[in-house]
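A single structure is presented below for examination.
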Amino acid sequence: GESVGLHLPTLSVQEGDNSIINCAYSNSASDYFIWYKQESGKGPQFIIDIRSNMDKRQGQRVTVLLNKTVKHLSLQIAATQPGDSAVYFCAENNQGGKLIFGQGTELSVKP
Amino acid sequence: NAGVTQTPKFQVLKTGQSMTLQCAQDMNHEYMSWYRQDPGMGLRLIHYSVGAGITDQGEVPNGYNVSRSTTEDFPLRLLSAAPSQTSVYFCASRSDRLLYNEQFFGPGTRLTVL
């Protein structure tokens, strides 16, 4: 069936290191992907998005990579900071406006 | 500009009780949606609306009703609460029915059904 899932439920990194959070999706027809950050007790917050006609998109300290061949999405955070500690979700659009979310990866940044 | 607001923040219900979760946005967004978030799972779409007077079902619509009488408001009704509806509920909106626009989420309502 259609699903979006993350490879690792938790990720612990040292402050200043780069973080890579991975996501697999199953629907090759998905044409839009989003990464969200969710801090404890808050709603998800948009980080970055990418359309299926791209394979890379960069923001401020974040980069999203899309590999359609293997249906894989990743979020790279450069120079990870304590404020980056949160749960990160990927989401895909596979049915005109409906977003399907993955389970989430909890990122923990050690000082 | 308050963005997306939700009330209440917390609610405890007994099985069989009914209640309405409120959601409002002041950004004149056409598209609004409701999600539930359970431990260890991502957000699952309950219902959505592409404009006033138009609603449709998402992945997990059973046990919930919605209406969209105005652009600003999108309430979610639980007609007869069940323990399986214990969850955190998020409302979201974006500027139009096209997907390629940022979706804004509210702060959530944490619901416990005893």
Side-chain angles (χ1 to χ4, degrees), chain A residues 1-10 21-27 29-54 57 59 62 64 73 75 86-106, chain B residues 2-10 21 23-25 27 29-51 54-61 87-111:
Chain A
E2 298 168 344
S3 66
V4 176
L6 295 171
H7 294 309
L8 295 173
T10 60
I21 301 172
N22 295 304
C23 178
Y25 65 95
S26 60
N27 188 342
S30 295
D31 60 358
Y32 180 60
F33 304 88
I34 310 173
W35 280 101
Y36 285 93
K37 174 186 180 182
Q38 186 176 24
E39 296 175 283
S40 180
K42 297 183 179 180
Q45 181 181 12
F46 174 94
I47 302 173
I48 192 168
D49 59 0
I50 188 167
R51 301 188 192 187
S52 59
N53 61 353
M54 304 170 68
R57 190 158 188 230
V62 294
V64 55
L73 191 69
L75 176 71
V87 177
Y88 290 81
F89 293 95
C90 64
E92 65 174 314
N93 168 49
N94 63 359
Q95 207 170 352
K98 297 181 187 178
L99 288 179
I100 305 298
F101 283 80
Q103 280 187 301
T105 291
E106 183 172 6
Chain B
V4 181
T5 58
Q6 292 183 238
T7 56
K9 288 188 183 297
F10 301 94
L21 279 64
C23 174
Q25 52 89 12
M27 298 173 281
H29 286 173
E30 294 180 354
Y31 187 98
M32 296 185 74
S33 52
W34 276 102
Y35 294 85
R36 61 177 287 172
Q37 185 175 33
D38 301 302
M41 301 182 71
L43 285 78
R44 291 184 291 169
L45 182 65
I46 304 172
H47 285 285
Y48 66 101
S49 168
V50 298
I54 306 170
T55 63
D56 206 345
Q57 296 181 347
E59 300 172 71
V60 289
S87 188
V88 181
Y89 292 85
F90 290 99
C91 180
S93 74
R94 68 171 188 263
S95 65
D96 58 33
R97 69 185 66 192
L98 295 177
L99 181 63
Y100 306 132
N101 285 290
E102 180 177 345
Q103 182 158 246
F104 295 86
F105 283 84
T109 294
R110 186 174 296 274
L111 176 67

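Every chain is numbered from 1 and lettered A, B, ... according to where its sequence line falls, protein lines coming before strand lines.
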Identify which of B/Pro107, B/Gly108, B/Gly106 forms the greatest number of heavy-atom pairs closer than 4.5 Å to chain A.
-> B/Pro107
Describe, in one word, how the ring planes of B/Phe105 and B/Tyr35 are oriented to each other, choosing from parallel (under 30°), tilted (30 to 60°) and perpendicular (over 60°).
-> tilted
Is any NZ, NE, NH1 or NH2 atom of the basic residue among A/Asp49 and A/Arg51 found under 4.0 Å from an Asp or Glu carboxylate oxygen of the other?
-> no
If only atom types and distance count, is the side chain of B/Ser49 paired as donor or acceptor with the main-chain N or O of B/Gly51 below 3.5 Å?
->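 Yes, the answer is positive, given that a donor and an acceptor are paired below the 3.5 Å cut-off.
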Per-residue contact mode, A/Gln38 against chain B (heavy atom under 4.5 angstrom) | side chain
By a 4.5 Å heavy-atom criterion (distance strictly below it), what part of B/Gln6 contacts chain A: side chain, backbone, both, or neither?
->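 It is neither, since no heavy atom gets under 4.5 Å.
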If you draw a 6.0 Å radius around CZ in B/Arg110, do more than 12 non-hydrogen atoms from other residues or ligands fall strictly inside?
->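 At most 12 heavy atoms, drawn from other residues, nucleotides or ligands, come within 6.0 Å of this atom.
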